[in-house]
Amino acid sequence: MMQSGGIHAVELVLLLLLLFVIVFAALARKLQTPYPIVLVIAGLLLSFVPGIPKISLNPDIIFLVVLPPLLYSAAWLTSWREFKFNLVSILMLAFGLVGFTVAGVAATAEWAFKGFDWRLGFVLGAVVATTDAIAATSIAKRIGLPQRIVDILEGESLVNDATGLLALEFGVAMVVSGQTPSVGAGLLRLTYLTIAGLALGLLVGIIVEQIHRHIDDGPIEITLTILVPYVAYLAADAIHSSGVLAVVACGLYLSHKSSNLFSANVRIQAWAVWDSLTFVLNGLVFVLIGLQLHFVLAGIHDYSLQQLLLYGALFSAIVIVLRMMWMFPGAYIANAIRTRVLHQQVPLPSKRQIFVVGWTGMRGVVALAAAISLPDLLEDGSPFPQRNLIVFLTFSVILVTLVLQGLTLPPLIRALGLAGARSHETEEDGARKAMVEAALAHLEEARKKDGDEFEGVYKDFSERYRHRLAKLRGTDEEGIGANPAVYARYVGLGRELVRVERRTAVKLRNEGRINDEVLRKVERELDLSESRLALM
């Protein structure tokens with residue numbers, strides 16, 4: 001990964017990168033700008049500073065070390081209800097748009113760039129077909145973009161890595177061996193990748209679920225959660241299926257089951273660890289993208305700077321236009337399937353919403369790693385044609401889409417009147433009321449069993465819960481006696497009520513009345529309450 005070896009040099013570079021991430025992420029927070037954009041720009045500027053270590057991006061590290069936990073985290077945070085409900089729209093982007101992008105770039109590259117034919121265009125299109133939704137969704141959530149758009153963007157980024165990498169596999173085979181796979185072979189390979197990857201991911205998830213049920217130890221369980229995405233990814237890779245889909249399937253399954261797998265303390269610890277881990281990994285890769293300018297330019301000698309800038313701008317425009325061209329017919333087709341075939345009660349997205357989804361096609365580290373992973377030589381020993389230019393064009397698209405589209409997305413959303421949308425607040429309020437009402441009903445049943453002995457305890461809890469219910473419906477605390485028996489009953493009853501609230505919230509999620517995001521939010525509060533009671 002570095003030009004000069006030595007363990008001390010690696011340590012120094014890693015520490016410097018982490019320092020860059022901390023400083024520029026803090027700056028991004030102060031500027032109220034998504035940190036991926038700031039980190040890419042910062043890395044780009046740092047690449048011009050004399051003495052800054054030159055760090056090359058190793059595609060194996062990206063695909064085998066960085067990608068699995070990031071995919072797993074994203075899948076874990078994805079609501080299965082929304083993912084399933086929007087599946088047709090997601091697949092229209094993850095499969096349809098990826099195919100359209102690859103075909104569009106293959107058709108245009110031949111006349112746009114000297115030395116390209118349709119096969120090299122196919123490779124180039126496959127490299128840039130995958131999107132990175134980190135920047136887009138962080139902007140969307142911060143300024144209140146409608147949740148339906150955010151759900152579709154997150155789902156697209158989870159699935160399209162698999163289709164883009166499959167297209168790249170075929171493109172490279174065509175260039176390296178000179179053979180063109182048949183459509184039937186392509187569909188067969190896609191079917192195997194999808195079914196085998198999903199099945200293996202679910203199998204790993206089921207096995208891990210059983211292991212979690214027999215362990216209640218924070219460090220052990222958290223270590224297991226870090227191990228799981230690598231197991232799913234490498235196992236799928238070993239049988240030549242999609243590691244991406246295996247990790248996504250495993251993450252979605254375990255996330256859906258997590259309420260019954262982890263204790264409150266483990267869940268709180270795990271969230272803290274994973275928040276930090278994903279932040280560090282994302283921060284490092286976005287800084288590394290910017291730092292790649294030296295390596296991207298090093299292999300290009302046959303083009304002037306002016307020609308390179310023109311090529312980069314032209315190709316970025318082609319990629320953006322292709323996405324926009326697909327969005328409107330793709331949205332209409334998806335809506336027709338959802339309403340007429342699946343009978344979903346879903347309105348056709350407005351033209352403004354469709355345009356915003358089209359404008360969020362930002363590329364990230366997977367695209368750059370895919371470009372760098374292209375082989376150096378063909379089967380006959382000759383150099384891979386236009387390899388360095390493909391890497392440069394990919395780098396250009398990443399910079400333009402992340403920086404230009406990322407910075408213009410907030411004012412665009414505000415100009416279109418899509419900002420400030422409330423996300424799941426009605427569901428959340430309803431869930432809180434149902435949980436408090438269930439706890440009050442349990443209090444009444446428990447009071448009858450205990451009689452008058454613990455009347456003070458029940459009175460205190462009743463007042464607390466009724467106060468919460470009054471606030472939720474739109475309307476204050478008293479101390480508890482020092483009697484040990486009363487105090488013990490207070491703590492025990494508190495735990496019972498938290499369990500009742502948790503069961504109610506999970507039941508509401510299972511019935512489809514709230515989504516996983518709402519469940520996670522209220523469950524975190526229950527975890528904190530349970531942890532506080534454990535310390536009393």
Just do the side-chain hydrogen bond (donor to acceptor under 3.5 Å, both in side chains) check on S255 and D516 with the steps written out, would you? CA-CA 9 Å; S255 174; D516 292 81; 4.9 Å; no
If you round to the nearest 0.5 Å, how far is OG1 of T504 from NZ of K433? 15.5 Å
Within 6.0 angstrom of K351 NZ, more than 12 heavy atoms from elsewhere: no
After noting the C-alpha distance and the side-chain angles of Y35 and F279, does the key distance pass the ring-ring contact (aromatic ring centres under 6.0 Å, His included) rule? CA-CA 10 Å; Y35 72 87; F279 169 74; 5.5 Å; yes
Are side-chain heavy atoms of F262 and E221 found at a separation under 4.5 Å? yes
Taking the side chain from T33 and the backbone from R29, do they hold a donor-acceptor pair closer than 3.5 Å? no
Starting at CG of L399, measure out to CZ of F395 and round the result to the nearest 0.5 Å. 4.0 Å
For I289 versus G364, what's the shortest heavy-atom pair and its separation? CD1-C, 4.0 Å
E154 and I90, any side-chain heavy atoms less than 4.5 Å apart: no
Side chains of Q306 and Y311: any donor to acceptor distance under 3.5 Å? no
Would you please say whether a donor-acceptor pair under 3.5 Å links the side chains of S79 and D151? no
pair E530-L526: side-chain heavy atoms closer than 4.5 Å: no
Rounded to the nearest 0.5 Å, how far apart are CG of L158 and CG of L77? 9.5 Å
Closest heavy-atom pair, I398 versus L368, reported as atoms and distance to 0.1 Å, is CD1-CB, 3.5 Å
Can you confirm whether Y230 sits close enough to P69 that some side-chain heavy atom of one is under 4.5 Å from a side-chain heavy atom of the other? yes
Any non-hydrogen side-chain atom of V244 less than 4.5 Å from a side-chain atom of F63? no
To check you understand the geometry: which heavy-atom pair defines the closest contact between S316 and V400, and what is its length? OG-CG2, 3.4 Å
One should read off an interatomic distance between R363 CZ and T131 OG1, to the nearest 0.5 angstrom, of 6.5 Å
Do E428 and R432 pass the salt bridge (Lys or Arg N to Asp or Glu O under 4.0 Å) test, and can you show the C-alpha distance, the side-chain angles, and the key distance before you say yes or no? CA-CA 6 Å; E428 185 178 329; R432 293 184 189 280; 2.8 Å; yes
For a quick test of reading the model, state the closest non-hydrogen atom pair linking F20 to L39 and the distance between them. O-CD2, 4.2 Å
Whether T101 side chain and G99 backbone form a donor-acceptor pair below 3.5 Å: no
OG1 of T108 to CD1 of I318: how many Å apart, nearest 0.5 Å? 4.0 Å
From L374 atom CG to L168 atom CG, the distance as rounded to the nearest 0.5 Å: 6.0 Å
Contact summary for P347 and R148, nearest pair of heavy atoms: O-NH1, 3.0 Å
Under a 3.5 Å cutoff, is there a donor and acceptor pairing between the side chains of W359 and T408? yes
Is W274 close to T278 at the side-chain level, that is, under 4.5 Å between some pair of heavy atoms? yes
Taking S304 for the side chain and Q307 for the main chain, is one N or O donor matched with an acceptor at less than 3.5 Å? yes
Distance-only polar pair, side chains of E523 and S259, donor-acceptor under 3.5 Å: yes
Would you kindly check if the NZ (Lys) or CZ (Arg) of R338 is within the cone defined by 45 degrees around the ring axis of F85 and under 6.0 Å from the six-membered ring centre? yes
Test item: Q405 and T360 side chains (from C-beta on) under 4.5 Å apart, heavy atoms: no
Here the pair of heavy atoms bringing A246 nearest to A232 is CB-O, 3.7 Å
Please tell me if the side chains of K507 and R513 come closer than 4.5 Å, counting only heavy atoms from C-beta onward. no
Evaluate the ring planes of F315 and F113, with Trp represented by its six-membered ring, and classify them as parallel (under 30°), tilted (30 to 60°) or perpendicular (over 60°). perpendicular
